[in-house]
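Heads up, the thing below is written out as structure tokens.
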Amino acid sequence: MRWSKAYLPTYKESPSDAEIPSHKLMMRAGLIRKLTAGVYSFLPLGWRVLHKIEHIVREEMDRIGCQEIMMPILHPSELYEESGRLKHFGPELFTLKDRRGRFFALGPTHEEVVTDIARAEIKSYRQLPQTLYQILVKFRDEIRPRFGVMRAREFIMKDAYSFHESHESLAETYTNMAEAYRRTLDRCGLENVMVEADAGKIGGDVNHEFVVFAEHGESEILICSCGYVANSERAESLGKPLASKEKVQKKPEQVSTPKMKTVEQVSNFLDVSPAHLVKTMLYKSGDSMVAVLIPGERTLNESKLSKVLDDPYVEPLRDDDIKKLTGAEAGYAGPVGLPGDTRIIVDPTLDEYDGMIVGANATDAHLRGVKMGRDFEATERADVIAAEEGDRCKRCSDQILQLRRGVEMGHIFKLDTKYSKAMSATFLDNEGKERHFIMGCYGFGVSRAVAAAIEADYDDKGIRWPKTITPFHAIVLPVKMSDADTMMAAESIYAELREAGWDVLLDDRDTRAGVKFKDADLIGIPLRITLGERSLKEGKVEIYHRRDDRTELIDREGVLDYVREFYSA
RNA sequence: CGGGGCGUAGCGCAGCCCGGUUAGCGCGCCUGCUUCGGGAGUAGGAAGUCGGAGGUUCAAAUCCUCUCGCCCCGACCA
């Protein structure tokens, strides 16, 4: 491609609405342009990178026997009523009406559609297993789209779905898929890790995320040197060691804590560390009331609580309901003397406590020296706190968890029969019995990967593409456009590399060399072939390595071999 | 959805509080001359519904009301 003829606009400055490096650089280097919040066009440079990633994804999917298809974007809303996901997705689903007033959704993922396809054709266990995939634009009306294509409302995703007669078969595909994801990310040059994750709206139990390490990623990963690694939404830990303990008293002592509602206020007021306090958080699950007890300085992980209660719709009590249940204003709830049918869930980190300070279920009062098992009974003991950096690892119990940030690039799920049951998708097994498909689904964020690759490696000059997904393998930069020999060399190297199948960008713009150098750095092509008057006279050209910021002089004749060697390494 | 911020030329911004004639600056863009290996200099030039609608006023980018859009923070901390 000749830059003089190409649609490759670059900016010196970042648009003011871009926050993180990848977003700024994608705008500055002319990869994308925003249409409206969370909706982007890909310009030629961005589109090339997207294609290269898609290509790698296809190869890895095909390698493990997946078959590519293309499903519609427009989905009749009845499908979501059937699967029960209408309310799960809620406002995140983009919906529209046709001229007759019938409702449709723009596909956020395709479990429903693919299950509808499978139930029509797959009738026998002999046709199983099957794995279908597609690379298609997806729509989700995100609460808060941000960071450019990193969290967009319209984005490109590879989604695969597998159908099985047995859990063993699913497990095999699941393992293959995990391996394919790891290979895909490795081939894209992205340092990644597979972690246990939270299932979110897709459902199912077993699921793993593939996270690419990046400073500005939205995912938090907790890692232990013993090998334990998990998403912070799901990670388990033993908390931090207690510095001091509250003494148990003969019977709970009621202390006056006027207007002291937060843990911070109460612990300051009583002059004890927040770890002495036990936070009582009140929830409603169906018709039953739930009190959750966790250490004062900890955060409750609602997703864990949902799982413990087996209820995706758990919600915190509102202030007036708190008053009804405890008889006190919000801020003074405690486990002692709650109505008998209240479920009391206690986090295991509280086992280490002797006494506790808890709300008194009376406005402006707390109880000191409370003992669990004597003053109140726990209904259940379950891990519900959010793990944090610095916690003791639950797996090995003597190492400390470290935090690393990253971008969620892939997410794979064992769905079991969640969708096949909801949508009555069945086949006959070898005994002639009707059974529901056992399913898996596997998503990969293709457009997000473009941003993640930039996020994972850039410098103050611009992007540094990994070799495998770079939009161009080399950029040819003639320094002096008015010099005939320079231009002749530029044209011949450009032609030579192109004929050999390399993607080459020729910067034939009639502009100053400095501008070209800056732009070349910005768009991050791994190899720059600089053609200068002096070195050309000696039959040499300069090769500049973007990643290492290093220049080499080589013979003009050796260019093709040099490029070939660079990319085969 | 709650809170905060911002909409002025393709991009980055000033002007607004305290209303006043042709609305500025930098980058970019066009033309000429000089320059030419790390975002050139110079002379000239094009480009704006001041997000939109309504209002106040002799007069509105500026004040008031409504509205649309964009960005950030939050949406468990009792």
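Residue numbers start from 1 in every chain, and the chains themselves are labelled A, B, ... in the order their sequence lines are given, proteins ahead of strands.
Using a 4.0 Å cut-off, no side-chain N or O of A/K304 falls inside it from OP1 or OP2 of B/rC76. OP1 or OP2 of B/rG28 sits under 4.0 Å from a side-chain N or O of A/K12. Applying the 4.0 Å criterion to OP1 and OP2 of B/rC70, one finds that A/S16 has every side-chain N and O outside that range. At least one side-chain nitrogen or oxygen of A/R144 sits closer than 4.0 Å to the OP1 or OP2 atom of B/rC72.
Going from the C1' atom of B/rA61 to that of B/rC13 covers 15 Å, rounded to whole Å. Taking atom P in both B/rC17 and B/rU65, the straight-line distance is 15 Å, to the nearest Å. A gap of 28 Å separates the P atoms of B/rG12 and B/rG3, to the nearest Å. Taking atom C1' on both B/rC58 and B/rG41, the two are 48 Å apart, rounded to the nearest angstrom. Distance noted for atom C1' between B/rA59 and B/rC18: 16 Å (whole Å). Comparing the P positions of B/rA46 and B/rA23 gives an interatomic distance of 14 Å, to the nearest angstrom. Using P as the reference atom, B/rC64 and B/rC77 are 35 Å apart when rounded to the nearest Å. Across the C1' atoms, B/rU21 and B/rA60 are found 14 Å apart, a figure rounded to whole Å.
Among the protein residues, A/I143 comes within range of the nucleic acid bases, having at least one heavy atom under 4.0 Å from a base atom. Here A/Q265 lies out of heavy-atom contact (under 4.0 Å) with every strand. Contacts of A/L317 with the nucleic acid, taken as non-hydrogen atoms under 4.0 Å apart, include base atoms. Contacts of A/G331 with the nucleic acid, taken as non-hydrogen atoms under 4.0 Å apart, involve only primed sugar atoms and P, OP1 or OP2. Within 4.0 Å (heavy atoms only), A/R528 reaches at least one base atom of the nucleic acid. Using a 4.0 Å heavy-atom distance criterion, A/S14 is classed as a sugar-phosphate-only contact. Across all strands, A/V263 comes closer than 4.0 Å only to sugar-phosphate atoms, never to a base (heavy-atom distances). At a threshold of 4.0 angstrom between heavy atoms, the contacts of A/K34 are confined to the sugar-phosphate backbone, with no base atom among them. Using a 4.0 Å heavy-atom distance criterion, A/K518 is classed as a base contact.
Under the Watson-Crick and G-U wobble criteria, each requiring two contacts below 3.5 Å, nucleotide B/rC25 is paired to B/rG12. The partner of B/rG7 is B/rC68, judged by Watson-Crick or G-U wobble contacts that both fall below 3.5 Å. Across the strands present, B/rG74 finds its partner in B/rC1; the criterion is a Watson-Crick or G-U wobble pair with both atom distances under 3.5 angstrom. Base pairing annotation: B/rA43 forms a Watson-Crick or G-U wobble pair with B/rU31, both donor-acceptor distances under 3.5 Å. Judged by Watson-Crick or G-U wobble contacts below 3.5 Å, the nucleotide B/rU57 has no partner.
Between the C1' atom of B/rC71 and the CZ atom of A/R151 lies a distance of 16 Å, rounded to the nearest Å. Between A/Y332 atom OH and B/rA78 atom P there is a gap of 11 Å when expressed in whole angstrom units. What separates CD of A/E388 from C1' of B/rC76 is a distance of 13 Å, to the nearest Å. Nucleotide B/rC76 holds its C1' atom 14 Å from the CG atom of A/D347, rounded to whole Å. As a whole-Å value, the separation of A/Y11 OH from B/rG12 C1' is 11 Å. Rounded to an integer number of Å, the gap from CG of A/L522 to P of B/rC27 is 19 Å. In this structure, the CG atom of A/D483 is 12 Å from the C1' atom of B/rC36, given to the nearest Å. Atom CD1 of A/I322 is separated from atom P of B/rC77 by 11 Å (rounded to the nearest Å).
Listed nucleotides B/rG38, B/rA78, B/rC77 differ in distance to A/K279; the shortest reach to its side chain belongs to B/rC77. The side chain of A/T36 sits closest to B/rC70 out of B/rC70, B/rG37, B/rC77. Of the candidates B/rG37, B/rG12, B/rG39, the closest approach to any side-chain atom of A/P15 belongs to B/rG12. The nucleotide whose nearest atom lies closest to any side-chain atom of A/R146 is, among B/rG39, B/rC77, B/rC72, B/rC72. Each of B/rG26, B/rC76, B/rG37 was ranked by its minimum atom distance to the side chain of A/E13; first place goes to B/rG26. Comparing B/rG39, B/rG37, B/rC36 against the side chain of A/R512 picks out B/rC36 as the nearest. Of the candidate nucleotides B/rG12, B/rC76, B/rC36, B/rC76 has the atom lying nearest to any side-chain atom of A/T299. Taking only side-chain atoms of A/F147, from C-beta outward, the nucleotide of B/rC72, B/rG38, B/rC70 with the closest atom is B/rC72. The side chain of A/E19 lies closest to B/rC71 when the candidates are B/rG38, B/rC71, B/rC76. In the set B/rA75, B/rG39, B/rC77, the nucleotide with an atom closest to the side chain of A/R28 is B/rG39.
Side-chain rings of A/H473 and A/F566 stay apart, their centers remaining 6.0 Å or farther from each other.
The cationic group of A/R33 lies under 6.0 Å from the six-membered ring centre of A/Y11 and within 45° of the ring axis, placing it in a cation-pi geometry.
Two residues are said to be in side-chain contact when any heavy atoms from C-beta on lie closer than 4.5 Å; A/V137 and A/E154 meet this criterion. A/Y544 is listed as a side-chain neighbour of A/D521, based on a closest heavy-atom distance under 4.5 Å.
Checking each of A/T511, A/D507, A/D508 against A/S4 for a side-chain hydrogen bond (donor to acceptor under 3.5 Å, both in side chains) leaves exactly one that passes, namely A/D508.
For the 3.5 Å distance criterion, the side chains of A/S492 and A/R556 qualify, holding a donor opposite an acceptor. No side-chain N or O of A/T470 forms a donor-acceptor pair with one of A/R546 less than 3.5 Å apart.
Applying the 6.0 Å contact sphere to NZ of A/K323 captures no more than 12 heavy atoms from other residues, nucleotides or ligands.
Looking at which nucleotide of RNA chain B each of A/T511 and A/L282 is closest to, the 5′-most match is held by A/T511. Between A/T280 and A/T551, the residue anchored closer to the 5' end of RNA chain B is A/T551, taking for each the nucleotide with the nearest heavy atom.
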Q: Could you check A/T530 against A/R528 for side chain to side chain donor-acceptor pair (under 3.5 Å), going step by step and ending with a plain yes or no?
A: CA-CA 6 Å; A/T530 315; A/R528 185 183 81 206; 3.0 Å; yes

